[in-house]
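Since we're looking at a predicted model, the values are computed, not measured.
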Amino acid sequence: MRVLELNEKTKQELLKNLLNRNPGSYGSYESTVNEIIENVKANKDKALFDYTLKFDKCEINSDNIRVTKEEIDEAIKSLDPEFIEVMKKSAENIRVFHEKQKRNTWIDTKDDGSILGQRILPIEISGVYVPGGTAAYPSSVLMNVMPAKVAGVERIIMCTPPGKDGKVNPGTLAAASIAGVTEIYKVGGAQAIAAMAFGTESVPKVDKITGPGNIFVALAKKACFGYVSIDSIAGPSEILVLADETANPRFVAADLLSQAEHDVLASAILITTSRKLADEVSTEIDGFLKKLERADIISKSLDNYGYIFVADNMSDAIDATNAVASEHLEIITENPFETMTKVKNTGAIFLGSYSSEPLGDYFAGPNHILPTNGTARFFSPLNVDDFMKKTSIVSYSKDALKKVHKDIELFAKKEGLTAHANSIAVRFE
């Protein structure tokens, strides 16, 4: 794995290289995605059936597009019972964590008769997209659905592509059952996003779409945003490890590789103040690559977007960390909690040698759906608020309005909106 000195030039080259992975840079696919969306809008179920036959080599129709209870039961029975129990434990951890995010409606009354407040309600129906095939991750099902359940969303639908045999990944179905998904439909790709955004005869229109997917799914979510709310335009997975000489090189190497195995666009970065650690981590990575199953994918990922940077001091290392704004950040320093206070931009922080990133992926409870491609500068992890809508409440008595009506009229007139001013003034004629 390449080892470089951290300076302004190498930092800027890194940021430029990482931007190449942004889903927004794949404009060549947009016309295909837009064509799929328009077809689904116009032809609804028929378009879904045609695309599923074309892309998934599976025939579906209005009778079998929805997964049945019997299919879910069969899927659960086919899985290792111990795995089912682990998913239940994970779901409970996710629920408990997200329960702490809930906020309630509030009302503030004043003596002058004015009442201000905020009404907080869940959205009515949310949709989750779940990839199929080798990219089917039950953990993502739990992470997408549990916050919606905690928020109080009554109807949660899922779209996921079927295999050639017409069946859905059993782990996906089991996780959906544990999390409390209401309905599951056998449709994938950009066509599934369009179906949830606009509705078809079989698939209902939803208020929000969450969940990961390939570039076609990402671009479809981008194109449908505004007709429906979305979580984000997710990019490839990222990890940045910020470490000093106290870090265990074998642990660091293993953690970097845990994200590099996702796909060839994943990024794995170590920023350290120790040249010795940098060299040892590079050696450990070479050793791990000889025995890991996805070594080919990992090697390409590291060749494309893997870096080890040696910084002159921790201040420079933290500046670079904030500039990258990585999806996952591990801090393995002598005092990780102190180091954390200087970090501003990242999706999730893992502190200390025994808080490996996969802990967050599967089990701890905080959401693993995180901002990528530097968007942690202004986006947050998926959370309960994403499934809530807030409505402002305003009520003034005549006496309360009388005290301020001239101020409001002046403001409106200065903006040239005399009808606004008149709406207030007529009450005191």
Side-chain angles (χ1 to χ4, degrees), residues 23 26-76 78 125-138 140-141 144 155-177 181-206 209-224 227-228 230 234 263:
Y26 291 87
S28 59
Y29 298 102
E30 287 184 348
S31 59
T32 301
V33 169
N34 289 335
E35 181 181 326
I36 291 172
I37 292 171
E38 292 303 316
N39 190 8
V40 172
K41 285 171 66 176
N43 297 301
K44 301 185 183 298
D45 269 2
K46 183 181 183 303
L48 299 185
F49 303 156
D50 290 345
Y51 284 129
T52 304
L53 182 60
K54 178 180 179 180
F55 297 128
D56 302 305
K57 313 302 179 187
C58 173
E59 284 195 38
I60 60 168
N61 53 53
S62 57
D63 293 327
N64 66 6
I65 187 173
R66 182 171 172 178
V67 175
T68 64
K69 183 180 182 301
E70 290 73 23
E71 288 176 293
I72 295 173
D73 291 342
E74 179 185 347
I76 293 173
S78 72
I125 176 171
S126 67
V128 55
Y129 182 80
V130 180
T134 57
Y137 300 120
S140 282
V141 176
N144 277 280
R155 192 177 180 192
I156 303 173
I157 76 159
M158 174 186 292
C159 284
T160 187
K164 293 179 182 179
D165 58 359
K167 295 184 177 182
V168 173
N169 181 282
T172 295
L173 294 185
S177 176
V181 172
T182 315
E183 305 148 45
I184 306 171
Y185 296 93
K186 300 175 183 177
V187 57
Q191 59 272 24
I193 303 302
M196 289 190 282
F198 299 101
T200 72
E201 294 90 344
S202 296
V203 180
K205 173 177 168 51
V206 304
I209 301 173
T210 66
N214 61 20
I215 186 62
F216 294 98
V217 169
L219 290 176
K221 288 169 72 176
K222 179 182 177 183
C224 292
Y227 299 99
V228 64
I230 63 171
D263 62 62

inquiry  = Checking N61 now: which residues fulfil side chain to side chain contact (heavy atoms under 4.5 Å, CB included) with it, not counting sequence neighbours?
reply    =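 Listed in chain order: D63, N64.
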Heavy-atom distance under 4.5 Å between the side chains of [X] and [Y], does that happen here?
| X | Y | answer |
| --- | --- | --- |
| C224 | I230 | no |
| T160 | N169 | no |
| E183 | R66 | yes |

Mind checking the [atom1]-[atom2] spacing from [X] to [Y]? Nearest 0.5 Å is all I need.
| X | Y | atom1 | atom2 | answer |
| --- | --- | --- | --- | --- |
| D56 | T52 | CG | OG1 | 5.5 Å |
| I157 | Y185 | CD1 | OH | 6.0 Å |
| I184 | K69 | CD1 | NZ | 12.0 Å |
| N34 | L219 | CG | CG | 8.5 Å |
| I209 | C159 | CD1 | SG | 8.0 Å |
| F216 | Q191 | CZ | CD | 10.5 Å |

Taking every non-hydrogen atom, the tightest pair across [X] and [Y]:
| X | Y | answer |
| --- | --- | --- |
| P131 | G213 | CG-CA, 4.2 Å |
| I36 | Y51 | CA-OH, 3.4 Å |
| A197 | V228 | CB-CG1, 3.8 Å |
| G132 | P161 | N-CG, 3.5 Å |
| N144 | G211 | OD1-N, 3.1 Å |

task = List the steps, then state whether side-chain contact (heavy atoms from CB on, under 4.5 Å) holds for L48 with K44.
result = CA-CA 7 Å; L48 299 185; K44 301 185 183 298; over 6 Å; no
Does any N or O in the side chain of [X] come within less than 3.5 Å of the main-chain N or O of [Y], such that one atom is a donor and the other an acceptor?
| X | Y | result |
| --- | --- | --- |
| Y129 | G189 | yes |
| N39 | E35 | no |
| K205 | F198 | no |
| N43 | K46 | no |
| T210 | V128 | no |
| D45 | S202 | yes |
| K186 | I60 | no |

Stepwise side-chain contact (heavy atoms from CB on, under 4.5 Å) test for L53 and C58 = CA-CA 5 Å; L53 182 60; C58 173; over 6 Å; no
inquiry  = Pair S177, L173 - check side-chain contact (heavy atoms from CB on, under 4.5 Å), show working.
reply    = CA-CA 6 Å; S177 176; L173 294 185; over 6 Å; no
query = Does the pair M196 and V203 meet the rule for a side-chain contact (heavy atoms from CB on, under 4.5 Å), with working shown?
reply = CA-CA 6 Å; M196 289 190 282; V203 180; 4.1 Å; yes
message = Assess the residue pair E71 and T68 against the criterion (side-chain hydrogen bond (donor to acceptor under 3.5 Å, both in side chains)); give the C-alpha distance rounded to whole Å, side-chain angles, the decisive distance to 0.1 Å, and a yes or no.
response = CA-CA 5 Å; E71 288 176 293; T68 64; 3.3 Å; yes
